[in-house]
Amino acid sequence: MPELPEVEVTRRRIAPYLVGRRIDRLRTTRPSYFFVTPPARLRKAVAGREVTALERLGKYLRARLDDGSQLVLHLGMTGQLFAAGASSLRLLSATARAALTPEAQVGFRPDAHTHLRFCFADGGPEVYLRDTRKFGKVLWLAAGEEHPRLARLGTDALLMEGNALFVATRKRKVAIKSLLLDQAIIAGVGNIYADEALFLAGVRPTRKALRVTKRESDGIVAGLHRVLNRSIETGGSSISDYVTPDGSDGAYQSERRVYARTGEPCTVCRAPIARTVVGARGTHYCPACQR
DNA sequence: ACCGCACCCTGAGCGC
DNA sequence: TGCGCTCAGGGTGCGG
């Protein structure tokens, strides 16, 4: 599931295949839940436009086009954005590269799940957006047009500060984990890194936000920065198509302390990792280390 | 204003 | 071998 690190790694990897290139034509699948902007309108809007920048906003990617309009992408749960040909894999670690599904490496052919297919005027490698579950989103914004989805985003998780988190937790009765997943407060945090950061901070995910101290808020933010930055360094950990044949989660796997380790010993105290549900999300923690 | 939950989708994993 | 069931989850929107 792409969270901030995976989206950032994807951004860096795909930017050379988008920025500075002119879109000759966009092919799409049929209208569906995936398309916030109807595909016909989307195709017309981007044809002939040059991409001038690719930015990340929380878990969103935003391609700026040369007429001032914007193409906004969200990878949802299973979204994959990649360029045709093995050269697109250069920026991945050898481990991550080896773990990629075969069709993503070479000879990929657009299938029913390939919702966007960018063809460029230079005739070079095409760029694909593939998303089997269609939890991802694509939308186009005219020059100057705002969109509530983006306007609502809070502070990027990498820029968040402990004090700001502490302020945001006051008078909030929700579980601290639910608050961390609220994109209007902190943008970019998803299920895996919320669990990992709370473990590093020694705070139980189910604790009411208003019961989190200033000191613990600092610890949670420090934990978030640590896990997010580390994951970016290792090439993103949890993109589902990076999953290796043995079911592990790629490079970051050996660094996961609690996520998907239910019943396994805590790396600090050896107590079995517990699993519960918070806000309809699977939640993992050490009952001994996290209070 | 805040909170909990249903919904969108498909593939993996499981039991029979 | 194969069927059918359940589960997973990001973000949105609605009902309480």
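When reading the values below, keep in mind they use all heavy atoms of this one structure, side chains included, and skip hydrogens, waters and symmetry mates.
Contact annotation for A:G282: backbone-only contact, meaning every heavy-atom pair under 4.0 Å involves sugar-phosphate atoms and none involves a base. Residue contacts shown for A:K173 are limited to sugar-phosphate atoms, with no base heavy atom under 4.0 Å away.
Distances from the side chain of A:R172 to the nucleotides C:dG11, B:dC3, B:dG11 place B:dC3 closest. Taking every side-chain heavy atom of A:Y33 into account, C:dG10 is the closest of B:dC2, C:dG10, C:dT12.
For A:R152 and C:dG11, a side-chain-to-base donor-acceptor distance below 3.5 Å is absent, hydrogens and geometry of angles not being considered. The base of C:dG11 has none of its N or O atoms less than 3.5 Å from a complementary donor or acceptor on the side chain of A:R149. With hydrogens and angles ignored, a donor-acceptor pair closer than 3.5 Å exists between the side chain of A:R133 and the base of C:dA8.
From A:T283, atom OG1 reaches atom OH of A:Y259 across 9.0 Å, with rounding to the nearest 0.5 Å.
Considering only heavy atoms from C-beta on, A:L116 comes within 4.5 Å of A:F34 through its side chain.
Look at A:R281 and A:D195 and you find no salt bridge, because none of the NZ, NE, NH1 or NH2 atoms lies under 4.0 Å from a carboxylate O.
Minimum heavy-atom separation, A:D24 to A:A47: O-CB, 4.1 Å.
By the criterion of a centre-to-centre distance under 5.5 Å and near-parallel planes under 30°, the ring of A:F135 forms a stack with the base of C:dG10.
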